Chemist: 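Quick one: this structure, given as structure tokens, is what I'll be asking you about.
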Amino acid sequence: MIRKERHVLIVLPHPDDEAFGFSGTAAHHIQNGTPVTYVCLTLGQMGRMMGNPLFANRETLPLIRERELEASCRSIGITDLRKFGLRDKTVEFEDPEALADRILDVVRETDPSLIMTFHPELSVHPDHNATGAAVIRAVARLPEPERPDIYCLGFANQVEQVLGPPDIVHDVSAFAKQKIGSLFAHQSQIQFIHNRFEGKDPAEDPEQLKKISTERFWTYRWEWNSPS
Amino acid sequence: MRPIDLEALQHALDQYAEQDVYLHLETTNGAYASHLDATKITAGAYIRNGLIRYTRGSVKGQGPYRIGLKLPLGWVYAEGLTHWETDSEGRLLTAGHDGDGKLAVALELSRTPFPT
């Protein structure tokens, strides 16, 4: 079961990061009447998928991916989307204090009881890890009793070896429509998405549907490490 | 973008020679290369808005193609290029796509800075 939240804040670096791991949970919160704010740090400008046949180039991709991000949010029901305007692949090189400042501003404004982001070390892409680390850095500045819970998504190969099994497991099968809509909004990433579904439509294939029916997170524990 | 036409691309390269131009150059095997196959390393590099001036720019090969830009004190080089266009803003875009359409390399020239 999903806990009722006051406000949910999602912080991720790339358009489409929300689709596989977070969209079902976000849609559930929205149905519960909980406001959801999504901060997306970049526009995925350096993505490699340009369509096959080609429909994008390096310079048109950001605009295409911005429209896809907006369509994904419409499918999930997210109306408060914040674009931070950073560049793909550069999040870890930004001034960490300045990035934490910007995130903390949104935390203070929206007063979330829950933040969802990537695990700061076990999320494969440097932008993913840097985004999770920036969220931890921002929230660490709040006095402990005022800190929202942070649910981290990690998917490095060794994630369960390091963290054990995820403590938060949501059945999001009731929100398959919103989730599939979010996934397929990302048309420039469609090959990647089709590959994950072995070319079958998850709306019509129970085996594929099962793959997207669970979203799993690890609650961030402050004793894991103090932010450096 | 369209498949590279050697003669047309060579002509376009000539239009940017002997003047200040902004360079975007990148190559990558994808952020997930080592995640998907531990025997690989994730490798990539890019420069955006490097300001250069080349004395001679050439495209060579039989497809995929190579571009070399001779600088007063050095070189710019890209290999594996398959597609090109001159876009509506007068920028010369070239890229190499693999069999799945994924971008593997890009070399772009503009007389004004690329957006960041």
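Each chain gets a letter, A, B and so on, in the order the sequences are listed, and its residues count up from 1. What you are looking at is a predicted structure, and each value in this text was computed from that prediction instead of being measured.
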Chemist: Can you check whether A:Arg87 reaches B:Arg48 side chain to side chain, under 4.5 Å on heavy atoms?
Modeler: yes

Chemist: Side chain from CB out, backbone as N, CA, C, O: work out which of these in B:Glu108 comes under 4.5 Å of a heavy atom of chain A, or both, or neither.
Modeler: side chain

Chemist: So which residue, A:Met50, A:Met49, A:Gln45, A:Lys89, ends up with the most heavy-atom pairs under 4.5 Å with chain B?
Modeler: A:Met50

Chemist: Taking atom CD of A:Glu59 and atom CZ of B:Arg91, what is their separation to the nearest 0.5 Å?
Modeler: 5.0 Å

Chemist: What part of A:Thr90 is in contact with chain B, defined as an atom under 4.5 angstrom from a non-hydrogen atom: side chain, backbone, both or neither?
Modeler: side chain

Chemist: Where does B:His35 contact chain A at under 4.5 Å (heavy atoms): side chain, backbone, both or neither?
Modeler: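 Its backbone and side chain both get close to chain A.
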
Chemist: How about NZ on B:Lys60, more than 12 heavy atoms from neighbouring residues, nucleotides or ligands closer than 6.0 Å, or not?
Modeler: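 Count not over threshold, so no.
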
Chemist: Can you tell me which portion of A:Phe155 sits under 4.5 Å from chain B's heavy atoms? Options are side chain, backbone, both or neither.
Modeler: both

Chemist: Using heavy-atom distances under 4.5 Å, tell me whether B:Ala38 contacts chain A through its side chain, its backbone, both, or neither.
Modeler: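 Interface part for B:Ala38: neither.
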
Chemist: Distance check, rounded to the nearest 0.5 Å: B:Leu103 atom CG versus A:Asn57 atom CG?
Modeler: 9.5 Å

Chemist: What is the distance from atom OG1 of B:Thr28 to atom CE of A:Met46, rounded to the nearest 0.5 Å?
Modeler: 7.5 Å

Chemist: Measuring from atom CZ of B:Arg2 to atom CG of A:Leu54, what distance do you get when rounded to the nearest 0.5 angstrom?
Modeler: 12.5 Å

Chemist: Decide if atom CD1 of B:Ile41 counts as having more than 12 heavy atoms of other residues, nucleotides or ligands within a radius under 6.0 Å.
Modeler: no

Chemist: Nearest 0.5 Å please: distance from the OG1 atom of A:Thr60 over to the CE atom of B:Met1.
Modeler: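 Here the interatomic distance stands at 8.5 Å.
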
Chemist: Passes side chain to side chain contact (heavy atoms under 4.5 Å, CB included), A:Arg58 versus B:Phe114? Steps please.
Modeler: CA-CA 11 Å; A:Arg58 183 44 86 236; B:Phe114 291 99; over 6 Å; no

Chemist: Looking at CZ of A:Arg48 and CG of B:Asp98, how far apart are the two atoms once the value is rounded to the nearest 0.5 Å?
Modeler: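 These two atoms lie 5.5 Å from each other.
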
Chemist: Considering all heavy atoms of both residues, which atom of B:Ala31 and which atom of A:His125 are nearest to each other, and what is their separation?
Modeler: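 Answer, listing the atom of B:Ala31 first, then A:His125: CB-CD2, 3.3 Å.
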
Chemist: Between A:Asn195 and chain B, with a heavy-atom cut-off of 4.5 Å, which part of the residue counts as in contact: side chain, backbone, both or neither?
Modeler: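 It is neither, since no heavy atom gets under 4.5 Å.
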
Chemist: Counting heavy atoms not belonging to B:Gln19, are there more than 12 under 6.0 Å from its CD?
Modeler: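 Atom CD in B:Gln19 is packed in, count exceeds 12.
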
Chemist: Check this for me: B:Arg56, atom CZ, are more than 12 non-hydrogen atoms of other residues, nucleotides or ligands nearer than 6.0 Å?
Modeler: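 Open: at most 12 neighbouring heavy atoms sit under 6.0 Å from CZ of B:Arg56.
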
